[in-house]
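Note sheet for the following structure.
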Amino acid sequence: MIRAILFDLDETLFDHRTAVAAAVTSWTAELSPCHPLLAEGPALWLRLEDKHLPAWHQGECSFGEQRRRRLRDYCDQLGLPVPADLDEAYGRFLLRYEAAWQAFPDAYPVMDALSGTGLTLGVLTNGQPVQQEAKLRRLGLLDRLDPVLTPDFLGGHFKPSPRCYLAAAAKLGLDPHQVALVGDNLNLDAVGPTRVGMHGIWLDRYGTSPPPPGIPAIRTLTELPALLTPADFAVAHHG
């Protein structure tokens, strides 16, 4: 039975997409107020995250370097001048991004619903620990989620590596089948953990597509408690 629930952070508890849209639009407008592709900036930024983050995950570059590559690529694709100091320019984007941090509205009700059940509630994220903990602190969720597991504490393993999920379960002192992982990324947060025996639950906020067979899907976090049985709570309390 389930004894712990791990949540992904970005686009699961934390509204990353909205924060990116506010930050990148403002940052781009500062460089080019009347840029004809200004409205396309947020979607491009998110695509470039998917393009450049794997290089950091695979050890090909540092966390800072993937940021520089992403910013350079963004400017090239929009025809913007590439800043001479990419770190300083990224820092100006980051200030705007941090100012727009907010939780999804359903994050707080699900914490309330699961508190007192005896289940361990934590986070499993591919993000950098300092930034991810800062997000949770700002959102008022850090004291409600323990542990916060990042690759730094899991032998450098990122989702969807099987070693990431196995290390996360080991950190909890549990077998994989005793852990559920909830997140917005079908491969990283549902299919991947299911392959090692975890209970992967896909948070499909935007109704993307039907889930694969055997993968439960929810549209909002408030649907999560209904997937748990009384036996899950009993094991959490008495196991």
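Contact check for Asp184 versus His16: no side-chain heavy atoms found under the 4.5 Å cut-off. Val191 has its side chain out of reach of Pro160: every pair of non-hydrogen atoms, C-beta onward, lies at least 4.5 Å apart. Counting heavy atoms from C-beta outward, Cys164 and Leu124 have side chains that approach closer than 4.5 Å. Residues Leu94 and Gln131 form a side-chain contact, since some pair of their non-hydrogen atoms from C-beta on lies under 4.5 Å apart. The shortest side-chain heavy-atom distance between Asn126 and Leu53 does not fall under the 4.5 Å cut-off. Inter-residue side-chain proximity for Arg68 and Asp87 is flagged as met; some heavy-atom pair is nearer than 4.5 Å. Counting heavy atoms from C-beta on, the side chains of Pro129 and Val148 never come closer than 4.5 Å.
Taking all atoms of both residues into account, the shortest heavy-atom contact from Leu221 to Ala107 is CD1-CA, 4.0 Å. Heavy-atom minimum distance, Asp8 versus Asp10: OD2-O, 2.9 Å. Contact detail for Phe153 and Lys171: the closest heavy-atom pair is O-CE, 2.9 Å. Closest non-hydrogen pair, Gly200 versus Thr194, comes out as N-OG1, 3.4 Å. The shortest heavy-atom contact between Pro176 and Val196 is CB-O, 3.4 Å. When all heavy atoms of Gly192 and Tyr165 are compared, the closest pair comes out as C-CE1, 3.4 Å.
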Please test Arg144 against Asp112 for salt bridge (Lys or Arg N to Asp or Glu O under 4.0 Å), starting from the C-alpha separation and ending with a verdict. CA-CA 10 Å; Arg144 306 185 73 171; Asp112 292 339; 2.7 Å; yes
Assess the residue pair Asp189 and Lys159 against the criterion (salt bridge (Lys or Arg N to Asp or Glu O under 4.0 Å)); give the C-alpha distance rounded to whole Å, side-chain angles, the decisive distance to 0.1 Å, and a yes or no. CA-CA 8 Å; Asp189 302 316; Lys159 299 179 290 185; 2.8 Å; yes
Would you please test Phe7 and Leu141 for side chain to side chain contact (heavy atoms under 4.5 Å, CB included) and show each step? CA-CA 12 Å; Phe7 294 87; Leu141 293 173; over 6 Å; no
Would Asp73 and Arg70 count as a side chain to side chain contact (heavy atoms under 4.5 Å, CB included) here? Give the steps. CA-CA 5 Å; Asp73 203 349; Arg70 195 186 336 155; 5.8 Å; no
Test side chain to side chain contact (heavy atoms under 4.5 Å, CB included) on Ile201 and Ile5 and set out the steps. CA-CA 10 Å; Ile201 300 170; Ile5 300 176; over 6 Å; no
Let me see the working for Met111 and Leu145 under side chain to side chain contact (heavy atoms under 4.5 Å, CB included), right down to the final yes or no. CA-CA 9 Å; Met111 294 300 148; Leu145 293 159; 3.7 Å; yes
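Asp106 contributes no side-chain N or O that, together with a main-chain N or O of Thr222, makes up a donor-acceptor pair within less than 3.5 Å. Thr25 places a side-chain N or O within 3.5 Å of a backbone atom of Ala21 that can act as its donor or acceptor partner. Looking at Glu98, its side chain never comes within 3.5 Å of a backbone N or O of Leu95 through a donor-acceptor pair. Checking side-chain atoms of His35 against main-chain N and O of Leu78 turns up a donor-acceptor pair under 3.5 Å. No side-chain donor-acceptor contact under 3.5 Å links Arg67 to the backbone of Phe63. Between the Asp15 side chain and the Gln102 main chain, no donor and acceptor come within less than 3.5 Å of each other. Remark: side-chain polar atoms of Arg205 are paired, donor with acceptor, to backbone N or O of Thr12 under 3.5 angstrom.
Residues meeting the side-chain hydrogen bond (donor to acceptor under 3.5 Å, both in side chains) test with Arg17, sequence neighbours left out: none.
Note on Leu48 and Leu71: same hydrophobic cluster, where clusters join Ile, Leu, Val, Met, Phe, Trp and Tyr whose side-chain heavy atoms are under 4.5 Å apart, directly or indirectly. Trp101 and Val123 end up in the same hydrophobic cluster when Ile, Leu, Val, Met, Phe, Trp and Tyr side chains are linked at under 4.5 Å. One hydrophobic cluster, built from ILVMFWY side chains closer than 4.5 Å, holds both Tyr90 and Leu46. Val110 and Leu6 sit in two unconnected hydrophobic clusters of ILVMFWY residues. Membership requires side-chain heavy atoms under 4.5 Å apart, directly or through other members. Following chains of ILVMFWY side-chain contacts shorter than 4.5 Å, one can reach Leu13 starting from Leu119, so the two form part of one hydrophobic cluster.
Centroid-to-centroid, the aromatic rings of Phe93 and Trp45 come within less than 6.0 Å. A distance below 6.0 Å separates the ring centres of Phe158 and Trp56.
Distance check: Asp152 CG to His157 NE2 gives 12.0 Å after rounding to the nearest 0.5 Å. Put simply, CG on Leu114 and OG1 on Thr120 are 11.5 Å apart, with the number rounded to the nearest 0.5 Å. Here Ser209 contributes atom OG and Leu186 contributes atom CG; the two are 6.5 Å apart, rounded to the nearest 0.5 Å. Expressed to the nearest 0.5 Å, how far CG of Leu38 lies from CG of Leu31 amounts to 10.5 Å. Between the CD atom of Gln132 and the CG atom of Leu149 there is a distance of 12.0 Å, given to the nearest 0.5 Å.
Within a 6.0 Å sphere centred on CZ of Arg138, heavy atoms belonging to other residues, nucleotides or ligands number more than 12. Atom CZ of Arg219 sits in a crowded spot, with more than 12 heavy atoms from other residues, nucleotides or ligands closer than 6.0 Å.
The ring pair (Phe, Tyr, Trp, His ring centres under 6.0 Å) pairs that include a residue from residues 180-225 number zero, where partners must be two or more places apart or lie in different chains.
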